[in-house]
Amino acid sequence: MVGLPYRAGVVPPRAASFQRRDGSGLRVGLAGTDASTMVRPLSGPGTRVVCGLGGVGKTQLVVDFAETVWAAGEVDLLVWITAGSRELVVSSYARVAADLIGVEDAEPDHGAARFMSWLASTAARWLVVLDDVQSPADLRGLWPPGTTTGTAVVTTRRRDAALRGYGRHVVDLDVFTSEEAHAYLRTALSDRPRLLDDADAVAADLGCLPLALAQAVAYMRDRNLSCSAYRARLADRRHSLAALVPEDDELPDEHRATVSATWSLSIEQANRLRPRGLAGPLLEAASLLDTSGVPIAVMSAPAVLELLAGSAGQVVSAQDAEDGLACLHRLSLITLDPESQTRTVRVHALVQRATRNIMTIERAQLLARTCANALTQVWPDIERDTDLSLVLRGNAYSLNAAAGDHLWASDIGCHHVLFRLGRSLGDCGLYAEAKGYFDMLHTVADRTLGPDHSTTLTTRYNLARSMGEVGDTVGAATAFGQLLADHLRVLGPDHPDTLTTRFDLALWQGKAGDLAGAIAAFVQLLTDHLRILGPDHPDTLRTRYRLAHCRGEVGDLAGAAAAFEQLLADHLRVFGPEHPHTLTTRHNLAHFQGEATDPAGAVTAYERVLADRIRVLGPEHIDTLRSRHQLAYWRGKAGDPAGAVTAIEQLLADRLRVFGPDHPHTLTTRHNLAQWQGETGDASGAAVALERVLADQQRVFGPDHTRTLTTRHNLARWRGEAGDPAGAAAALEQLLADRMRVLGPDHPHTLATRDNLAYWMKQSSSDS
């Protein structure tokens, strides 16, 4: 029999470059937890269950705690048990009982019971650690008793409800913070500072996972690789994750397995939980998507259910898929957050990579198509929820990066989800991002499929449209003209894609200043649409819409209003009252009716359109915010400029929140707020506000963007109104030269600049 103080079992050594946690990586599942508990979450009597992904440092956290309290004399008995199975726990309990009591039971179960009785009755201070519990069932009847002098700590990858109980506090251990990861690398490579050239980036690439960082450091030291050199190998897809860590017999800090092997047992366990066989395929699918959050709706979409049914050999429901995700969560392979607004699944980036590394090419292709189909199935046509849109785009980006060529095929081109991603960027007003994305997509399509493939031509179409949306109207018109020539050659004059390209060529021709040419082109196109598609086809109605709009832009306001009235009747009949096309037609009808004769009527009409857009599209949809913008404009035009200022100030707050400060619509709102500020009589304030807007537009759009040029035009006006006609004339003279260079001498904006220059030159000479 031994005396106290006493240590039983072998406590693993602290890692060579052990990094203490500051508490931010620890989450205690206990209501009312205070700051001191967050710093030392294992302290105090009771039971702590430390759970988390394999490799986050659970064992090292507890080693440090155990050695600290032992060295401080805070415990009389320290028991460390590697709890890989129930048999190991029972035999370890029995051995400690024999040491403490001096009685060795023939039956280990009896010895275990004797040890637990001793813990329950002793006045000694004790700490029992059960490290790496594989299953809650292994501790059934073996949980150390709750006493005022005893502390039990359990480490496990499991998150089952069975691990919770009276007196047990769950500590969810996360990865290192970025500061902790950097501190670890500095310590681990302190004798080789040359290797620390890109330490923060390595930490980020490895997701701040302690085990991965330790094994990466060992790999770098053995090969004298710098952080940047290691990152280059990590980024090279030809290298598997297993190839970028030491061999099994070279692992540091007595690690039992490599990063990848650490998770293999967890995956096997998750697959054995009910519903059996679903966890593995679900993790495979999640490994191709966004590490920061995959909507549960994607993981239970019909395409994924079909994949799971093939694995399970039976029909699988959406509930089965969610239960399979719960199995992965219970093994800490994913983090399931069903209570978040978008209900998401998060997977560590290295778990994803390790999962992808063991896929066959055929399996990877199947999973890539499955995930692409799933994203397409859940992506709404009308993106009411801006947060969901952002998450879906993030997942599409991740899928494109992970899937490589698996989303491309010579017969079908690229998967539709890649176009859906670009379209979403444009629909949300992220025009520059859409242009960059379609430029990249066109490069891949041209290289992979050739210049005349339908997918390549479609990417050119989207790229040309994005060019116009970022302000290069002349470039867009030129690009559509070139595309039309290729469509005519490859597809013929009556192909739907050829007709669509003719539509956009006319559209951007008009936006570039040639309204007469645009009207003539739309008239010819309408004739062909009626012949080929009929009067009720959406493309025919769309051509009528643009033709009516162009007539209004050339000054035929009454004709434009009448054309929109006729078009609205047909939209109501063909699409119904709540279709987005119908709402857009009502929006434009209100505008031209107001411009023609009735500003007050426009206010009433926009109030009704806005109410319907909020109900149908949601309050944050880009078109809803557009209607709010127009409503504010017409309130000002109807004689209430102060009301317009108030409405635009409220709109600006929402556009800043939804889109951010550099979004084109946010900058337009700031521009118009300054305009109405001037209309209320504050010409100097309007000029100051427009100077600030101009600086941001030049930074975001560049000096030659049409919006930048428009702001310069209006800034000159308000400088003149504020008492500086000479300054206004000088600014307009410079603007005229730029508008002639960018837009040409006959563009309406160029002509308007000429007129205003003459006015302010006259005002300047009168003052002098």
Side-chain angles (χ1 to χ4, degrees), residues 9 11-12 20-70 72 74-83 89 93 115-116 119-120 122 124-177 180 210 326 329-339:
V11 180
R20 281 196 168 88
R21 306 295 180 98
D22 64 5
S24 60
L26 307 174
R27 297 187 295 273
V28 180
L30 178 63
T33 301
D34 61 22
S36 62
T37 306
M38 289 300 290
V39 174
R40 288 195 71 188
L42 308 185
S43 298
T47 300
R48 304 293 188 268
V49 180
V50 183
C51 62
L53 173 68
V56 295
K58 300 182 293 296
T59 297
Q60 279 294 308
L61 175 75
V62 180
V63 165
D64 181 62
F65 171 69
E67 295 290 10
T68 299
V69 297
W70 177 262
E74 295 179 15
V75 295
D76 304 309
L77 172 66
L78 169 58
V79 178
W80 187 283
I81 297 172
T82 302
V89 176
Y93 276 7
F115 174 60
M116 293 180 66
L119 292 176
T122 186
R125 300 165 301 169
W126 53 265
L127 169 63
V128 174
V129 177
L130 298 166
D131 185 36
D132 199 21
V133 171
Q134 299 295 306
S135 169
D138 292 345
L139 295 187
R140 190 175 295 122
L142 296 176
W143 287 91
T147 73
T148 58
T149 60
T151 299
V153 180
V154 172
T155 72
T156 181
R157 301 177 198 179
R158 302 290 290 258
R159 286 173 170 155
D160 305 60
L163 292 170
R164 300 175 182 270
Y166 180 76
R168 300 177 198 162
H169 302 158
V170 174
V171 179
D172 193 359
L173 187 61
D174 208 343
V175 297
F176 280 153
T177 64
E180 289 166 347
H329 177 80
R330 286 163 63 186
L331 269 297
S332 298
L333 289 163
I334 67 170
T335 298
L336 192 58
D337 188 8
E339 302 304 322

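Given the structure is predicted, the values throughout are model-derived calculations rather than measurements.
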Please determine which of Leu173, Val50, Leu61, Asp172 meets the side-chain contact (heavy atoms from CB on, under 4.5 Å) test together with Val56. Leu173
Indicate yes or no for a side-chain donor-acceptor contact from Asp76 to the backbone of Trp126 under 3.5 Å, with no hydrogens or angles considered. no
Is the shortest side-chain heavy-atom distance between Cys51 and Val170 below 4.5 Å? yes
Are any side-chain N or O atoms of His169 and backbone N or O atoms of Arg48, one a donor and one an acceptor, separated by less than 3.5 Å? no
Within the 4.5 Å heavy-atom criterion, are Val79 and Phe115 side-chain neighbours or not? yes
Assess the residue pair Arg168 and Leu163 against the criterion (side-chain contact (heavy atoms from CB on, under 4.5 Å)); give the C-alpha distance rounded to whole Å, side-chain angles, the decisive distance to 0.1 Å, and a yes or no. CA-CA 8 Å; Arg168 300 177 198 162; Leu163 292 170; 5.5 Å; no
Under 3.5 Å, is there a donor on one side chain and an acceptor on the other for Thr82 and Asp131? no
Does the side chain of Pro144 reach to within under 4.5 Å of the side chain of Met116, using non-hydrogen atoms? no
What's the separation between atom CG in Leu119 and atom OG1 in Thr147, rounded to the nearest 0.5 Å? 7.5 Å
Are any of the side-chain heavy atoms of Arg158 and Pro136 separated by less than 4.5 Å? yes
Side chains of Glu67 and Val11: closer than 4.5 Å at any heavy-atom pair? yes
So Asp132 and Thr59, do their side chains get closer than 4.5 Å, heavy atoms only? no
Show your working on side-chain contact (heavy atoms from CB on, under 4.5 Å) between Leu139 and Leu130 and close with a plain yes or no. CA-CA 9 Å; Leu139 295 187; Leu130 298 166; 3.9 Å; yes
List the atom of Thr151, the atom of Pro45, and the distance in Å for their closest heavy-atom pair. OG1-CA, 3.6 Å
Taking all non-hydrogen atoms of both residues, which atom of Ile334 and which atom of Arg159 are closest, and how far apart? O-NH1, 2.7 Å
Once rounded to the nearest 0.5 Å, what's the spacing between atom CZ of Arg330 and atom OG1 of Thr156? 11.0 Å
Side chains of Val62 and Leu42, heavy atoms from C-beta outward: is any pair under 4.5 Å? yes
Check the pair Leu127 / Val69 against side-chain contact (heavy atoms from CB on, under 4.5 Å), numbers first and verdict last. CA-CA 9 Å; Leu127 169 63; Val69 297; 3.9 Å; yes
Using modelled atom types and a 3.5 Å cut-off, is there a donor and acceptor pairing between side-chain atoms of Gln60 and backbone atoms of Gly57? no
Please check if the side chain of Lys58 supplies one atom and the backbone of Gly52 the other of a donor-acceptor pair under 3.5 Å. yes
On a heavy-atom basis, which atom in Trp143 and which in Ala162 lie closest, and how many Å separate them? CZ2-O, 4.5 Å
Does any part of the side chain of Phe65, heavy atoms only, come nearer than 4.5 Å to the side chain of Val129, both counted from C-beta? no
Take Val89 and Asp138 through the test side-chain contact (heavy atoms from CB on, under 4.5 Å) and record every step on the way to the result. CA-CA 8 Å; Val89 176; Asp138 292 345; 5.6 Å; no
Please check: side-chain N/O of Ser332 versus main-chain N/O of Arg157, any donor-acceptor pairing under 3.5 Å? yes
Nearest 0.5 Å please: distance from the CD atom of Glu180 over to the CG atom of Asp174. 9.5 Å
How many angstroms lie between OG1 in Thr335 and NE2 in His329, if you round to the nearest 0.5 Å? 6.5 Å
